[in-house]
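Since the structure comes first, as structure tokens, the remarks are kept for the end.
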Amino acid sequence: MGSISTEAELSPCLTHLDVAVEEPEMIVPAEPTEECALFLSNIDRVVAYIVDTVYFYPSNGGEKNDVEVVGKLKEALGKVLVPYHFMAGRMRLNTDEGRLEIECNRAGALFAAASCDQTLSELGDVTHPNPAFRSLVLQPSNAKKFGDTPLLMMQVTRLKCGSIVLGMSMNHSLFDGFGAMEFMMNFSSVARGQGVITHPLPDRTCLKARDVPEIKYEHLEAMKLSDIPEEMRNSFTTADVADSDVASVSLPPDYSYKVFPFTIDKLERLKKKAMDDGNLKKCSSFDAIAALVWQARTKAIDMPPDQPSKMFFAVDIRSKMDPPLPKGFAGNAVFCAYCIEPAGAVKEKPLSFCAEKVQEGISRVTGDYVRSSMDFSETYKSIPALPGGIFLSAWWKIPFHLADFGFGKPIYAGPIVNAMVEFPLLLSNGKQDGGLNLYIALPNHQLDKFEQIVYDF
């Protein structure tokens, strides 16, 4: 796969954007809505961090009235917040139960119009996440504590060429990628005057831990709070999350990001390599790319052979539960699957070994296993066992590019750079041709080694 080396370089792009943001407005649901407390599952509560995404809409050449577009989106947001009323709430700690919940209090979502004296072409390759794009996402100006921050913030930036960029900031506890996609499809449908497509069901009590815990499995995807060193424990407690400072978004100074493109042909060759020794009967694109990332990173950081090498990734549990989760489930319905093996085995064994472990990680996630994990988390106040490992986040198959607000579909939609270096991303390449971009951060000297290992395939 040495032919991808020249493609992995970032295309020229801006490193800074001057964006003029107008005074933000708080948008509340357009109709009366229920004011209540929304239970958060043990999956929701461990992902209570902010996810920022950008949607790039090119100018369609028409006489698009920017003021009308902004007004249309603002009006549609108020309307879609009626069925999605919980998105207008705030995170809080239920002191009686000692757990996070969403207070559905109609406090509102934050909305702002903005302008930028740049053209879309001057932004460079928008499929490559860029720190400069943070200027295209509304940042909380007054919120100093996490619990004060709106769960949804939206910025509409008008570019000089007539193109529009939607910047969306959402708290992950609201829902997973699939739920976020359903929200965007509903939001865009309302903006087009066609109403809600799928009615959201925000009740998450179907994923509540059982009153009498039944922990049937070893749960290596989680760490008991009691196993965390005392000096670090406070930063993981439920009470601290709602009252914690708004997180920093700065990348550690010795780290760099890089994009590694994989065309569909390269993914097919990678899958073939994973199956060459005959150990696997089948291998998906995710199996193969996850195996490669896990193995290449373990080698690049020169992990000692007897140290456990850990990789986590999300598995959709909607159809795995009994009964299956209802259509429109608006919460986090993805479970943290894992691969944990001695680093020596990950480094020395063939790619098929790593791909097989990925497949085992996926098959481990049954409805019964998830129920057991919910009970484990409730009993031991656990957190994901991420320290020392990575969580491979797969965005490339989520069709965010279908969100049409009435002025066409975006040429690209995806996340922007953040400081969560433990989360390499599999992103759309913007072409919808089956290919993807791997986006990963490592210390500079390890990133160079990672690149060489990837190119050796």
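Keep in mind that the numbers below use all heavy atoms, side chains included, and drop hydrogens, waters and symmetry copies.
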Could you check whether [X] makes a cation-pi contact with [Y], meaning its NZ or CZ is under 6.0 Å from the centre of the six-membered ring and within 45° of the ring axis?
X	Y	answer
K208	F39	yes
R364	Y338	yes
R371	F335	no

Within the distance-only criterion (no hydrogens, no angle test), does the side chain of [X] pair as donor or acceptor with the backbone N or O of [Y] below 3.5 angstrom?
X	Y	result
D375	I215	no
Q359	K282	yes
N186	T198	yes
S189	M185	no
R106	P29	yes
Q295	V346	yes
R92	E101	no
H172	F175	yes

### Message
Checking S163 against F56 for the side-chain contact (heavy atoms from CB on, under 4.5 Å) test, could you report, in this order, the C-alpha distance in whole Å, the side-chain angles of both residues, the deciding distance, and whether it holds?
### Response
CA-CA 8 Å; S163 299; F56 296 92; over 6 Å; no

When rounded to the nearest 0.5 angstrom, what is the spacing between [atom1] in [X] and [atom2] in [Y]?
X	Y	atom1	atom2	result
E22	F111	CD	CZ	9.0 Å
C104	M87	SG	CE	11.5 Å
C283	L270	SG	CG	7.0 Å
R90	T149	CZ	OG1	8.0 Å
L402	Q432	CG	CD	8.0 Å
N332	D176	CG	CG	5.0 Å

Under a 3.5 Å cutoff, is there a donor and acceptor pairing between the side chains of [X] and [Y]?
X	Y	result
E214	S372	no
T205	D203	yes
Y57	D404	no
D368	Y217	yes
N42	R99	yes

### Query
Hey, mind stepping through D287 and S284 against side-chain hydrogen bond (donor to acceptor under 3.5 Å, both in side chains) and telling me if it holds?
CA-CA 5 Å; D287 297 340; S284 70; 3.1 Å; yes

Is any side-chain N of the basic residue among [X] and [Y] closer than 4.0 Å to the acidic one's carboxylate O?
X	Y	result
R204	D44	yes
R297	E422	no
E360	K357	yes

### Query
Checking side-chain hydrogen bond (donor to acceptor under 3.5 Å, both in side chains) for the pair E35/N105: CA distance, chi angles, key distance, verdict?
CA-CA 5 Å; E35 297 191 38; N105 58 4; over 6 Å; no

Taking atom [atom1] as the centre, does [X] end up with more than 12 heavy-atom neighbours from other residues, nucleotides or ligands that are less than 6.0 angstrom away?
X	atom1	value
Y380	OH	no
D433	CG	yes
K320	NZ	yes

### Query
Can you check side-chain contact (heavy atoms from CB on, under 4.5 Å) on L166 and Q155, steps first, answer last?
CA-CA 6 Å; L166 299 188; Q155 179 175 315; over 6 Å; no

### Task
Might you work through the side-chain hydrogen bond (donor to acceptor under 3.5 Å, both in side chains) test for W395 and S428, ending with a clear yes or no?
CA-CA 7 Å; W395 286 64; S428 165; over 6 Å; no

Heavy atoms only: give me the nearest [X]-[Y] pair and the separation to one decimal.
X	Y	value
I416	N130	CB-O, 4.5 Å
D52	S169	OD1-OG, 2.9 Å
Q139	M153	C-SD, 4.5 Å
F391	P424	O-CD, 3.3 Å
T127	N429	CG2-O, 3.5 Å
A403	P410	O-CD, 3.3 Å

Any side-chain heavy-atom pair from [X] and [Y] closer than 4.5 angstrom?
X	Y	answer
L81	F187	no
L386	F312	yes
L438	L425	no
M168	L152	yes
I43	M374	yes
L427	P415	yes
F329	L207	yes
K310	W294	no

### Message
Assess the residue pair L267 and L436 against the criterion (side-chain contact (heavy atoms from CB on, under 4.5 Å)); give the C-alpha distance rounded to whole Å, side-chain angles, the decisive distance to 0.1 Å, and a yes or no.
### Response
CA-CA 9 Å; L267 288 172; L436 61 87; 3.9 Å; yes

### Query
side-chain hydrogen bond (donor to acceptor under 3.5 Å, both in side chains) between R45 and S173: does it pass, once the steps are laid out?
CA-CA 6 Å; R45 70 173 180 81; S173 65; over 6 Å; no

Flag the pair [X] / [Y] as yes when their ring centroid distance falls below 6.0 Å, and as no otherwise.
X	Y	value
F450	F260	yes
Y439	F423	no
Y369	H219	yes

### Message
Against F313, only a single residue in L426, I390, V358, V293 fulfils side chain to side chain contact (heavy atoms under 4.5 Å, CB included); can you say which?
### Response
V358

### Message
Tell me whether the rings of F407 and F405 are parallel (<30°), tilted (30 to 60°) or perpendicular (>60°).
### Response
parallel

### Task
Test side-chain contact (heavy atoms from CB on, under 4.5 Å) on L442 and S256 and set out the steps.
CA-CA 6 Å; L442 285 168; S256 293; over 6 Å; no

